[in-house]
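What you see is a predicted model, and the numbers here were worked out from it, not measured in a lab. The chains referred to below are lettered A, B, ... by the order of the sequence lines, with proteins before strands, and numbering in each begins at 1.
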Amino acid sequence: MIELKDVSFSYQGRKAVENITFSVQKGEKVVILGINGSGKSTILKIINALLFPQEGTYRYRGEIITPKKMKDREFVRKFRKEVVLLFQNPDTMIFNPTVFDEIAFGLRQLGEKDIKEKVHYWADKLGIFHLLDRSPFELSGGEKQKVCLAALLSLEPEVLLLDEPTANLDPRSTGWLIDFLYQLDITVVTTTHNLGIALELGERGLVLSENHRLIYDGNLSEFLKDREKLLEANLIHIHRHRHDDMEHRHYHIHDDFS
Amino acid sequence: MKDRITGLFYILAVILLTTIHSIELYIGFFVLLSVLSGKDFIPVMKKTFVAVALFNGVITLAYILIKGFDYGYIALINLRVIDMTFMTFLFVRRVNLFRLFEFSSILTYLLVISYSQILLFKRYYTEFILALKSRSIKTPGLAERYGFLRSATGFFIEKSVKNSSEISLAMKSRGFFMD
């Protein structure tokens, strides 16, 4: 469904991803792991055709995605409905006066008829029904994220891309999101630097190194046992621990809750 | 030293440009700036055009509507703004501002803070544009564009106010100033 082959991308000469190759099958739940600045968000933006590979190719359902292809209105209409991206900062995605309008935005663009029913359905499913008449700007970070997620899911996409979806969430909302994503029957690609929740978001992991290369593609549980790879990805570190009057050093993982 | 001398010339040129009233001198000065810009001419001119188009357009139109078409005055105003904007963009491109203000730690701090905010906002702005593009199944209509602009503007205003107070508290905390 999604195929990236030898993809590289730089921002004004600054490397973001280098020579990345992987593919994602329909229905897979994939987690892209890497430290900040390793290129995770860039990969999602390439998959969402917001950025285009400067080297290599990106195919979606066999079609090579290029700037020219994204000028084909019919294709763009289909692509933007099928492949959706939840940005890390939900503020950047919100621009409608009410939560209802925010969720209805894409449906209106598609010219759907049963907009009200669909908005109500997704608002109810995400537990934001009571917020429908509120302005999305006055909501909390977690609520905004739910509104954006409802807006994207109301399009009934085939691929859901999530950029650090738990970065701004409290533990309870993180738990809710993990459960919610688990029951979704679509392709999901999630980025995170949080090893603690990576396993909850998918079985397959794509791990990026500090030098923006893909260093692991496979089972996440196996990856977490591989100290060499964890070190290469800079996802574990060593420092002194103090327990009462005892002190020792060992490698360990830090996640957002520890 | 070179940056400071250039800075001095820049300030003198700004003063000069606000005092002269000759279209020929403005044209001559623009030619001089164009030569000095060399291979940077096209990018600097593009930036200048984007920066002044709306402002000059509104001012020119308002002047024509109120006072009628006065070629001399309209040309003078437009040339003055274009000269000063072009010169400023060229100056920023050629001069290392951090080196220019290194004689004053306060000015350097202020520059660093402003620069970091500009970079941050630039990144946010790119994200806003990409998010709109990502969510748009077809080209957004006027109402949708208006809504987008309104929310982006609101976000930046709120962010500016919030960041300013945070930065101010952080500076106070680090002993930059006392009140």
Side-chain angles (χ1 to χ4, degrees), chain A residues 11-12 41-42 44-51 67 70-98 101-112 135-138 144 147-148 151-152 154-155 157 159-161 163, chain B residues 39-40 42-44 46-47 50 89-90 92-98 115-167:
Chain A
Y11 294 98
Q12 292 159 346
S41 300
T42 304
L44 288 194
K45 282 169 186 159
I46 288 173
I47 299 175
N48 198 221
L50 296 171
L51 303 175
M70 293 308 287
K71 285 197 169 66
D72 175 347
R73 285 182 184 225
E74 253 333 284
F75 181 79
V76 171
R77 194 179 157 88
K78 183 172 156 285
F79 183 88
R80 292 272 173 245
K81 183 199 171 300
E82 286 183 11
V83 186
V84 296
L85 167 62
L86 181 73
F87 282 67
Q88 187 176 348
N89 179 0
D91 281 310
T92 60
M93 298 180 67
I94 286 170
F95 48 85
N96 286 282
T98 66
D101 292 317
E102 202 59 68
I103 301 172
F105 173 76
L107 296 168
R108 284 178 183 146
Q109 284 206 315
L110 279 173
E112 298 265 337
S135 163
F137 305 105
E138 58 190 42
K144 281 179 186 170
V147 171
C148 292
L152 298 178
S154 68
L155 300 174
V159 180
L160 175 63
L161 308 168
D163 195 1
Chain B
K39 62 178 186 218
D40 289 332
I42 292 175
V44 174
K46 263 188 196 169
K47 259 188 167 178
V50 172
F89 283 140
L90 186 62
V92 172
R93 210 176 174 91
R94 293 282 168 85
V95 171
N96 183 333
L97 292 177
F98 296 98
Y115 190 63
S116 70
Q117 291 304 295
I118 288 168
L119 289 182
L120 184 70
F121 279 23
K122 194 178 159 192
R123 212 174 68 205
Y124 277 131
Y125 180 72
T126 310
E127 288 288 293
F128 266 97
I129 297 291
L130 289 179
L132 178 68
K133 200 173 163 188
S134 174
R135 289 192 65 193
S136 298
I137 292 160
K138 58 180 188 180
T139 313
L142 204 62
E144 286 153 0
R145 281 168 193 265
Y146 173 71
F148 168 76
L149 272 176
R150 188 188 52 203
S151 75
T153 309
F155 173 84
F156 282 115
I157 291 172
E158 198 186 312
K159 198 85 187 162
S160 303
V161 173
K162 208 171 159 187
N163 282 5
S164 312
S165 44
E166 279 291 300
I167 290 168

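Proximity to chain A (any heavy atom under 4.5 Å) is shown, for Phe148(B), by both the backbone and the side chain. Heavy atoms of Asn48(A) lying under 4.5 Å from chain B belong exclusively to its side chain. With a 4.5 angstrom heavy-atom cutoff, Lys78(A) does not touch chain B via any of its atoms. In this structure, the portions of Pro97(A) lying under 4.5 Å from any heavy atom of chain B include both its backbone and its side chain. Using a 4.5 Å cut-off between heavy atoms, Asp101(A) does not touch chain B at all.
Heavy-atom pairs under 4.5 Å with chain A peak, among Ala143(B), Pro140(B), Gly147(B), Gly141(B), at Gly147(B). Per-residue heavy-atom pair counts under 4.5 Å with chain A were compared for Glu158(B), Arg150(B), Lys133(B), and the maximum is reached by Lys133(B).
Minimum interatomic distance between Pro157(A) and Leu152(A) (heavy atoms only, all atoms of both residues): CD-O, 3.5 Å. The shortest heavy-atom contact between Phe95(A) and Ser151(B) is CB-OG, 3.1 Å.
Between Arg135(B) and Glu102(A) there is a salt bridge, since at least one side-chain N of the basic residue sits less than 4.0 Å from a carboxylate O of the acidic one.
Heavy-atom contacts from other residues, nucleotides or ligands closer than 6.0 Å to CZ of Arg108(A) number more than 12. Counting heavy-atom neighbours within 6.0 Å of Lys81(A) NZ, excluding the residue itself, gives a total above 12.
Side-chain contact between Leu85(A) and Met93(A) is absent, with no heavy atoms from C-beta onward closer than 4.5 Å.
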